[in-house]
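Below is one structure, written out as structure tokens; comments come after it.
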Amino acid sequence: KEVEMADNCMVDYENCPEKIIMSEENRKILHDLVNGLPDIYRDVVILKYIHNMSCIDIANALSIKESAVSTRLMRAKQMLLQRGKEDLYD
């Protein structure tokens with residue numbers, strides 16, 4: 001996204017160094033949080049969000065019910081949010 005500045009120059013906020021650095025920092029934080037999940041939750045998160053698999057495909061790959069995949073994803077998100085908050089306030 002470009003925004004015109006007062007001196008008529010254009011600034012590309014999508015590629016500004018601060019945004020790139022923050023994005024890399026956020027990616028590392030998220031990577032560490034996901035890696036800290038118990039295996040049963042980490043596996044479904046990776047299959048869903050890294051490998052873009054559907055819940056039914058994950059269920060078939062792991063030989064579990066589709067409802068179990070949904071439950072594990074929900075619990076994983078809750079754990080990630082909680083751990084992210086804990087890291088933020090430590």
Side-chain angles (χ1 to χ4, degrees):
K1 179 178 176 181
E2 291 183 343
V3 176
E4 188 172 341
M5 302 299 286
D7 59 359
N8 293 328
C9 69
M10 300 298 280
V11 176
D12 181 2
Y13 284 107
E14 293 301 314
N15 295 312
C16 70
E18 293 85 2
K19 185 170 183 170
I20 293 168
I21 290 168
M22 287 302 296
S23 177
E24 289 171 6
E25 288 174 4
N26 290 341
R27 193 172 305 121
K28 182 178 180 344
I29 291 167
L30 185 57
H31 180 268
D32 292 344
L33 288 171
V34 169
N35 279 336
L37 290 171
D39 291 346
I40 65 168
Y41 301 114
R42 184 177 58 241
D43 292 345
V44 294
V45 167
I46 290 171
L47 293 173
K48 178 71 174 171
Y49 298 106
I50 304 299
H51 297 287
N52 297 314
M53 292 176 68
S54 68
C55 288
I56 191 71
D57 290 338
I58 295 168
N60 290 333
L62 298 177
S63 300
I64 60 176
K65 293 181 179 182
E66 187 177 0
S67 60
V69 172
S70 297
T71 299
R72 290 178 187 186
L73 285 170
M74 180 189 64
R75 289 181 181 161
K77 289 177 188 178
Q78 290 171 341
M79 286 183 218
L80 291 170
L81 286 171
Q82 183 60 38
R83 290 177 182 177
K85 287 178 186 177
E86 289 170 2
D87 286 352
L88 182 64
Y89 294 111
D90 282 346

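All figures in this text were calculated on a predicted structure; none of them were measured in a lab.
Taking CD1 of Ile29 as the reference point, atom CG of Leu80 lies at 12.5 Å (rounded to 0.5 Å). In this structure, CD on Glu66 lies 9.5 Å from CG on Asp57, to the nearest 0.5 angstrom. In this structure, OG on Ser70 lies 8.0 Å from NZ on Lys48, to the nearest 0.5 angstrom. Between Ser54 atom OG and Leu47 atom CG the span is 10.5 Å, to the nearest 0.5 Å. Here the straight-line distance linking atom CE of Met74 with atom CE of Met79 works out to 9.5 Å at 0.5 Å rounding.
Counting heavy atoms from C-beta on, the side chains of Val69 and Leu73 come closer than 4.5 Å.
Linking ILVMFWY residues whenever their side-chain heavy atoms come closer than 4.5 Å, directly or via other members, places Tyr49 and Tyr41 in the same cluster. By the criterion of side-chain heavy atoms lying less than 4.5 angstrom apart, applied directly or through intervening Ile, Leu, Val, Met, Phe, Trp or Tyr residues, Ile56 is not grouped with Leu62; the two fall into different hydrophobic clusters. If you chain together hydrophobic residues whose side chains sit under 4.5 Å apart, Leu81 and Leu33 never meet in one group.
Nearest heavy atoms, Ala59 versus Lys65: CB-C, 3.8 Å.
Screening Asp43, Leu37, Ile40 for a side-chain contact (heavy atoms from CB on, under 4.5 Å) with Arg72, the sole residue that qualifies is Ile40.
The side chain to side chain donor-acceptor pair (under 3.5 Å) test applied to Asn52 returns no partner, not counting sequence neighbours.
Side chain of Arg42 to backbone of Val34: no donor-acceptor contact under 3.5 angstrom is found.
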